[in-house]
Q: 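Can you keep this structure in mind? I'll have questions shortly.
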Amino acid sequence: MISRRSFLHSSVLVVGGTMTGASRFLSDTDIAMTVNGPIAAGDMGLSLIHEHILVDFIGADQYDPNRWNHDDVIKKALPYLEQLKAMGCKTLVDCTPNYLGRDVILLKKLSTQSGLQIITNTGYYGGSVNKFLPAHAFTETEFQLAERWIKEHTEGIERSRIYPGFIKISVNDSHLSDISKKLIRAAAHCHLKTGLTIASHTGPAIPAFEEIEILKQLGVSPAAFIWVHAQNEKDWNQYILAAKQGAWVSLDGLNENNIDDYVKMLAFLKKENLMPQVLVSHDAGWYEPGKADGGNFRGYTTLFEKLIPALKQNGFVEKDLQQLLQLNAAKAFSIKVRTA
Ligand SMILES: [Zn+2]
């Protein structure tokens, strides 16, 4: 439930022990949608904006939720979520799309049991192989696809009364293919009806700017677009160009081996005064059905244990961390129509 009181109560963040207010930068009518219903966006708190709990790589043609068992996944994933909660994280954005293992009932159970707020999505995962697209994605128009996603926003996902908090799509990693163009166009139509932010698994700058151009042509502001896996683009000047148009630059593949790279990218963006446009996360987790005990599940704590201390050593102060991990997440996942 959203109330003025809970909103104000939530408007503080503790990163490394200091408390500072953030909510004054957000309207208190801005909301985000979790698997347990709407919350004030300012109540997202410390957030990981691109993670996964379960991913099934079997492919859309053999997709079957009976391939996993809730109790088994919970047994494996819950301790990682509890650990994350204990580190001060309040919200986890689950980026697993439909036909890749999105299971909203499972997410709701895990949210309730862990106390973490979890956000799920609507949309389809394209990309060069298109293995995770259902057959109808190839035959239906962009408007028909948008209609399916809008319906999840208005009626809930699979009769669960659980609603998506954003649109997740994926496109191919070079000049956009026809099917990738259709997905970003469908996402634009869906955004204009629902206000859901579009997070697109993209990678390099070439497809990112083609997506931004399509969005603008259809009347959607780049502020509604998250350039997912921007870290795969090695020309950092492209981040400046995207951010200056209003897009979110998401550096979301943090792991134990690339802390220094993330510090450098973030320091570069800070120097360019673009911190208000940046998101950071691990893209971790990944219980994989079909593998023994779900395979090698990766935890979500590198950001807290390694990145934050490294950023502090490199001149990032509390306000920067609060912006990066709380305020930007709340703004990026606020549900509102943003027109070009
Ligand atoms: Zn991912």
Side-chain angles (χ1 to χ4, degrees), residues 35 47-60 63 68 73 76-77 80-81 84 89 91-104 106-107 110 116-133 149 164-173 180 183-184 187 196-204 207-208 211 225-233 247-258 261-262 265 278-291 294-303 307 325 328-329 332-333:
V35 294
S47 301
L48 290 180
I49 55 83
H50 186 136
E51 307 295 342
H52 298 270
I53 288 165
L54 183 146
V55 184
D56 190 355
F57 293 102
I58 190 82
Y63 184 71
W68 59 90
V73 184
K76 182 83 176 206
Y80 292 98
L81 298 177
L84 184 55
C89 182
T91 302
L92 179 140
V93 179
D94 187 274
C95 283
T96 299
N98 198 2
Y99 300 102
L100 247 169
R102 183 191 65 173
D103 181 336
V104 298
L106 172 67
L107 295 182
L110 281 165
L116 269 180
Q117 299 173 142
I118 296 179
I119 294 178
T120 188
N121 64 84
T122 189
Y124 291 162
Y125 192 96
S128 50
V129 292
N130 295 319
K131 184 182 173 187
F132 307 107
L133 287 175
W149 305 344
F166 66 110
I167 303 161
K168 172 75 191 288
I169 61 166
S170 169
V171 298
N172 63 309
D173 60 4
S180 290
L183 293 175
I184 186 70
L196 295 174
T197 298
I198 303 162
S200 179
H201 173 120
T202 297
E211 290 178 277
F225 176 74
I226 300 175
W227 174 5
V228 173
H229 300 326
Q231 74 274 5
N232 294 351
E233 172 56 57
W248 293 96
V249 175
S250 185
L251 309 175
D252 44 31
L254 179 72
N255 63 49
E256 294 280 325
N257 303 317
N258 60 19
D261 297 339
Y262 274 68
M265 286 187 283
V278 185
L279 300 165
V280 64
S281 211
H282 305 93
D283 196 12
W286 300 33
Y287 181 101
E288 291 186 54
K291 289 196 174 172
N296 196 9
F297 198 99
R298 185 157 71 91
Y300 311 103
T301 55
T302 304
L303 186 144
L307 183 66
L325 301 171
N328 288 356
F333 288 89

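Whatever order the structure lists them in is the order used to number ligands and atoms, beginning at 1. Heavy atoms only: backbone and side chains are in, while hydrogens, waters and symmetry mates are out.
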Q: Please verify the inter-ring angle class for H229 with H50; under 30° counts as parallel, over 60° as perpendicular, anything in between as tilted.
A: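 Plane angle between 30° and 60°, so tilted.
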
Q: Determine the sole option in N121, I167, T122 for which the side-chain contact (heavy atoms from CB on, under 4.5 Å) test with P97 is passed.
A: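 With P97 as partner, N121, I167, T122 yield a single side-chain contact (heavy atoms from CB on, under 4.5 Å), made by N121.
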
Q: Residues in ring-ring contact (aromatic ring centres under 6.0 Å, His included) with F166, at least two apart?
A: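 Only F333 meet the ring-ring contact (aromatic ring centres under 6.0 Å, His included) criterion with F166.
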
Q: Hey, which protein N/O/S atoms does the Zn ion (ligand 1) have under 2.8 Å?
A: H50 NE2, H52 NE2, D283 OD1

Q: Does the separation of the ring centres of Y99 and Y63 fall below 6.0 angstrom?
A: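 Ring centroids of Y99 and Y63 are less than 6.0 Å from each other.
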
Q: Rounded to the nearest 0.5 Å, how far does CG of L183 lie from OG of S200?
A: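 CG of L183 is found 8.0 Å from OG of S200.
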
Q: So, do W227 and S250 sit near enough that their side-chain heavy atoms are less than 4.5 Å apart?
A: no

